[in-house]
Undergrad: 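Supplied in structure tokens, the structure appears directly below.
Whatever order the structure lists ligands and atoms in, that order sets their numbers, starting from 1.
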Amino acid sequence: MDSLTLICTAALLAAGGLYWFVCFFGSAEVKGKRAVQLTGGSIDKENVQDNYKQYWSFFRRPKEIETADKVPVFVDTFYNLVTDIYEWGWGQSFHFSPSLPGKSHREATRIHEEMAVDLLGVKPGARILDAGCGVGGPMRAIAAHSKANVVGITINEYQVKRARMHNKKAGLDSLCEVVCGNFLQMPFADNSFDGVYSIEATCHAPNLEEVYREIYRVLKPGSLYISYEWVTTELYKAEDLEHVEIIHGIERGDALPGLRTYKDIAQVAKKVGFEVVKEKDLAKPPSHPWWTRLKMGRIAYWRNHILVTILAFLGIAPKGTVDVHEMLFVTADYLAQGGEKGIFSPMHMILCRKPAAE
Ligand SMILES: C=C(CC[C@@H](C)[C@H]1CC[C@H]2C3=CC[C@H]4[C@H](C)[C@@H](O)CC[C@]4(C)[C@H]3CC[C@]12C)C(C)C
Ligand SMILES: C[S@@+](CC[C@H](N)C(=O)[O-])C[C@H]1O[C@@H](n2cnc3c(N)ncnc32)[C@H](O)[C@@H]1O
């Protein structure tokens with residue numbers, strides 16, 4: 001080999017190495033997390049693996065998941081385990097949105113979020129609630145778009161920390177406030193919000209009636225509530241074993257005490273006193289598939305898996321991160337199958353009004 005060939009080979013190797021480094025340590029989306037910063041949320045590094053086992057133990061005793069008082073703990077554990085991986089591999093908005101041809105995932109996400117607040121019809125300065133706010137991606141988009149004051153509530157203390165940090169960084173902390181608490185028993189006065197929204201969050205409630213009743217309580221009479229619900233659709237057949245396996249896979253990988261059918265949503269809303277203004281499954285055509293983003297990411301998930309394995313081996317990421325990542329990897333597949341078969345929707349939209357006071 002002459003020296004020119006040697007130099008060229010070395011340059012190629014260096015460029016390849018740099019490319020892998022950027023791919024590995026850089027981010028697929030714009031977010032505030034890098035692989036080397038993955039943690040177990042509020043869980044101490046050495047306890048992550050045990051907490052992951054504890055999360056799975058809930059599914060070995062499904063009756064416990066049905067016991068309402070155990071669910072917030074189970075959901076909190078789940079979000080300690082996944083929040084950093086979500087932020088790293090998906091972004092600050094922990095939800096799906098229909099694909100929009102010609103638009104990026106970020107734009108499609110923002111449009112889906114802005115639609116929610118547009119339908120609430122709130123004015124600048126109004127006080128609105130985000131029930132189940134995650135790390136606040138939707139809250140910031142909605143506050144910036146509507147100029148409303150948004151109060152977010154999440155059961156997970158680590159998400160509160162992340163959301164407050166992002167709000168400050170985005171210069172939106174004067175419009176956005178974050179509270180740690182349970183949306184089944186909120187620390188807010190009756191009739192104190194001009195609007196409420198929940199994006200892919202109430203699916204974690206063991207009993208939809210309880211959370212809708214609580215949202216109804218804090219909403220001012222005459223004001224609107226909008227929710228994007230996770231449901232099984234009319235195509236889901238309980239006697240089809242493949243359908244059952246997909247839905248169970250979605251429940252296990254997403255901390256769900258049991259997916260509801262689309263029929264339950266309006267029924268429960270009416271039961272607690274709401275008038276149903278509009279109900280629509282936003283996943284249905286002419287919407288473009290929401291699950292293509294999940295499928296397109298497959299190569300990146302493999303890359304992420306290798307990276308997480310190396311980081312855990314080196315002791316940089318907590319032990320247990322590999323298991324959590326693997327769980328999400330498998331879940332992504334169940335979600336995409338549910339979407340493709342049309343048996344599952346993460347965006348069954350319902351818009352309700354609390355009747356005006358007499
Ligand atoms: C509303 C909920 C969460 C919905 C989505 C935001 C998340 C559901 C599945 C998640 C993911 C699956 C695969 C991961 C991948 C293996 C990893 O490398 C990078 C992150 C993922 C893409 C991750 C991102 C978030 C989800 C899409 C539920 C919980 C009610
Ligand atoms: C999938 S994330 C969606 C977050 C946010 N809506 C978004 O789209 O980015 C679900 C959120 O619901 C919250 N949540 C689940 N159960 C809750 C409960 N009982 N009380 C408060 N928040 C809860 C979780 O902590 C998490 O923040």
Undergrad: Answer yes or no: is there a donor N or O on one side and an acceptor on the other, between the side chain of Asn207 and the main chain of Glu209, under 3.5 Å?
TA: yes
Undergrad: So, the side chain of Glu157 versus the backbone of Cys180: is there a donor-acceptor pair under 3.5 Å, distance only?
TA: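 No, the answer is negative, given that no donor and acceptor are paired below the 3.5 Å cut-off.
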Undergrad: Any donor-acceptor pair under 3.5 Å linking the side chain of Glu200 with the backbone of Phe96?
TA: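 Yes, Glu200 side chain to Phe96 backbone: donor-acceptor pair under 3.5 Å.
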Undergrad: When His204 is tested against each of Trp230, Tyr79, Phe74 for ring-ring contact (aromatic ring centres under 6.0 Å, His included), which residue passes?
TA: Tyr79
Undergrad: So, does Trp230 sit close enough to ligand 1 that a heavy atom of it is under 4.0 Å from the ligand?
TA: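 Judged by the 4.0 Å heavy-atom criterion, Trp230 does count as contacting ligand 1.
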Undergrad: Would Asp130 count as being in polar contact with ligand 2, using the rule that some N or O on each side must be under 3.5 angstrom apart?
TA: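 No: no nitrogen or oxygen of Asp130 is under 3.5 Å from one in ligand 2.
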Undergrad: Under 3.5 Å between some N or O of ligand 2 and some N or O of Ile199?
TA: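 So ligand 2 has an N or O lying under 3.5 Å from an N or O of Ile199.
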Undergrad: Closer than 3.5 angstrom, by distance alone: can the side chain of Tyr236 be matched with the main-chain N or O of Ile247 as a donor-acceptor pair?
TA: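 Looks like no, no N/O pair under 3.5 Å.
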Undergrad: Measure Tyr79 to ligand 2 on non-hydrogen atoms and call it side chain, backbone, both or neither using the 4.0 Å cut-off.
TA: side chain
Undergrad: N/O to N/O below 3.5 Å, does that happen between Gly132 and ligand 2?
TA: yes
Undergrad: Quick check: Glu200 and ligand 2, any N/O pair under 3.5 Å apart?
TA: no
Undergrad: Side-chain contact, heavy-atom cut-off 4.5 Å: Lys45 with Thr39?
TA: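 They are not in contact (no side-chain heavy atoms under 4.5 Å apart), so the answer is no.
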Undergrad: Which ligand 2 atoms does His204 reach within 4.0 Å, using its non-hydrogen atoms?
TA: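 In order of numbering, the contacting atoms are 10 (C), 15 (C), 16 (N).
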Undergrad: Within less than 4.0 angstrom of ligand 1, does Tyr334 place any heavy atom?
TA: no
Undergrad: Determine, stepwise, if the pair Arg217 / Asp190 fulfils salt bridge (charged side-chain N to carboxylate O under 4.0 Å, His left out).
TA: CA-CA 5 Å; Arg217 179 184 70 75; Asp190 295 357; 2.7 Å; yes
Undergrad: Does at least one non-hydrogen atom of His204 fall below 4.0 angstrom from an atom of ligand 1?
TA: yes
Undergrad: Should Leu335 be listed as contacting ligand 1, given a heavy-atom distance under 4.0 Å as the test?
TA: yes
Undergrad: Atom OG in Ser198, atom CD1 in Ile153: separation rounded to 0.5 Å?
TA: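 If I round to the nearest 0.5 Å, the distance is 12.5 Å.
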Undergrad: State the atoms of ligand 2, each with its element, that fall below the 4.0 Å cut-off from a heavy-atom position in Gly181.
TA: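 In order of numbering, the contacting atoms are 20 (N), 21 (C).
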Undergrad: Counting only heavy atoms on the protein side, is anything nearer than 4.0 Å to atom 21 (C) of ligand 1?
TA: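 Given the 4.0 Å limit, the answer for atom 21 (C) of ligand 1 is no, no protein heavy atom qualifies.
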Undergrad: Is the ring centre of Tyr225 less than 6.0 Å from the ring centre of Tyr212?
TA: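 Tyr225 vs Tyr212: aromatic centres under 6.0 Å.
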Undergrad: Donor-acceptor pair, Lys161 side chain versus Ser42 backbone, under 3.5 Å?
TA: no
Undergrad: Select one of side chain, backbone, both or neither to describe which atoms of Pro346 lie under 4.0 Å from any atom of ligand 1, heavy atoms only.
TA: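 Pro346 to ligand 1: no contact under 4.0 Å from either part.
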Undergrad: Return yes or no for this condition: an N or O of Gly134 is under 3.5 Å from an N or O of ligand 2.
TA: yes
Undergrad: My understanding is that only residues two or more places apart in sequence, or in another chain, count here; which of them pass side chain to side chain contact (heavy atoms under 4.5 Å, CB included) with Lys168?
TA: Asp173
Undergrad: Give the numbers and elements of all ligand 2 atoms closer than 4.0 Å to a heavy atom of Gln159.
TA: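 Near Gln159, the atoms of ligand 2 are 24 (C), 25 (O), 26 (C), 27 (O).
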Undergrad: Within the 4.0 Å heavy-atom shell around Pro138, which atoms of ligand 2 are there?
TA: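 So the atoms of ligand 2 that pass are 7 (C), 8 (O), 9 (O).
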Undergrad: Please report which non-hydrogen protein atom sits nearest to atom 29 (C) of ligand 1, along with the residue it belongs to and the distance in Å to one decimal place.
TA: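 For atom 29 (C) of ligand 1, the nearest protein heavy atom comes out as Tyr79 OH, 3.3 Å.
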Undergrad: Would you check the N or O atoms of Thr154, main chain and side chain alike, for any that come under 3.5 Å of an N or O of ligand 2?
TA: yes
Undergrad: Indicate yes or no: at least one non-hydrogen side-chain atom of Met186 is less than 4.5 angstrom from one of Leu129.
TA: yes
Undergrad: Pick one: which of Phe58, Tyr55, Tyr52 meets ring-ring contact (aromatic ring centres under 6.0 Å, His included) with Phe78?
TA: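 By the ring-ring contact (aromatic ring centres under 6.0 Å, His included) criterion, Phe78 pairs with just one of Phe58, Tyr55, Tyr52: Tyr55.
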Undergrad: How far is atom 15 (C) of ligand 1 from its nearest protein heavy atom, and which residue and atom is that?
TA: Tyr301 CD2, 3.5 Å
Undergrad: Mark the output for Ser93 as yes if a heavy-atom distance to ligand 2 is under 4.0 Å, and as no if none is.
TA: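 The answer is yes: ligand 2 sits under 4.0 Å from a heavy atom of Ser93.
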Undergrad: Whether Lys284 and Glu234 form a salt bridge (side-chain N of Lys/Arg under 4.0 Å from carboxylate O of Asp/Glu) is what I want to check.
TA: yes
Undergrad: Which part of Ser198 is near ligand 2, with near meaning a heavy atom under 4.0 Å away: side chain, backbone, both or neither?
TA: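 None of Ser198 does.
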Undergrad: Please report which non-hydrogen protein atom sits nearest to atom 10 (C) of ligand 1, along with the residue it belongs to and the distance in Å to one decimal place.
TA: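 Ranked first by proximity to atom 10 (C) of ligand 1 is Tyr86 CE1, 3.8 Å.
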Undergrad: Is it the case that the side chain of Tyr158 and the backbone of Leu81 share a donor-acceptor pair, with hydrogens and angles ignored and the cut-off at 3.5 Å?
TA: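 It does not hold such a pair.
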Undergrad: Counting both backbone and side chain atoms, is some N or O of His325 under 3.5 Å from an N or O of ligand 1?
TA: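 Yes, since at least one N or O of His325 sits under 3.5 Å from an N or O of ligand 1.
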Undergrad: State the atoms of ligand 2, each with its element, that fall below the 4.0 Å cut-off from a heavy-atom position in Val75.
TA: 15 (C), 16 (N)
Undergrad: Of the protein's non-hydrogen atoms, which lies at the shortest distance from atom 12 (C) of ligand 1, and what is that distance?
TA: Leu328 O, 3.5 Å
Undergrad: Which atoms of ligand 1 sit under 4.0 Å from any heavy atom of His95?
TA: 6 (C)
Undergrad: Passes side chain to side chain contact (heavy atoms under 4.5 Å, CB included), Val178 versus Cys133? Steps please.
TA: CA-CA 8 Å; Val178 193; Cys133 65; 4.0 Å; yes
Undergrad: Is it the side chain (CB and beyond), the backbone, both or neither of Phe96 that lies under 4.0 Å from ligand 1, heavy atoms counted?
TA: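 Phe96 to ligand 1: side-chain contact only, backbone stays beyond 4.0 Å.
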Undergrad: Give me the residue, atom name and distance of the protein heavy atom closest to atom 24 (C) of ligand 1.
TA: Trp90 CB, 3.6 Å
Undergrad: Does ligand 1 have a heavy atom under 4.0 Å from the side chain of Asp254, from its backbone, from both, or from neither?
TA: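 Both backbone and side chain.
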Undergrad: Do any heavy atoms of Ala255 fall under 4.0 Å from ligand 1?
TA: no
Undergrad: Quick check: does Ala201 get an N/O under 3.5 Å from an N/O on ligand 2?
TA: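 So ligand 2 has no N or O lying under 3.5 Å from an N or O of Ala201.
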Undergrad: Do any N/O atoms on Phe183 end up under 3.5 angstrom from N/O atoms on ligand 2?
TA: yes
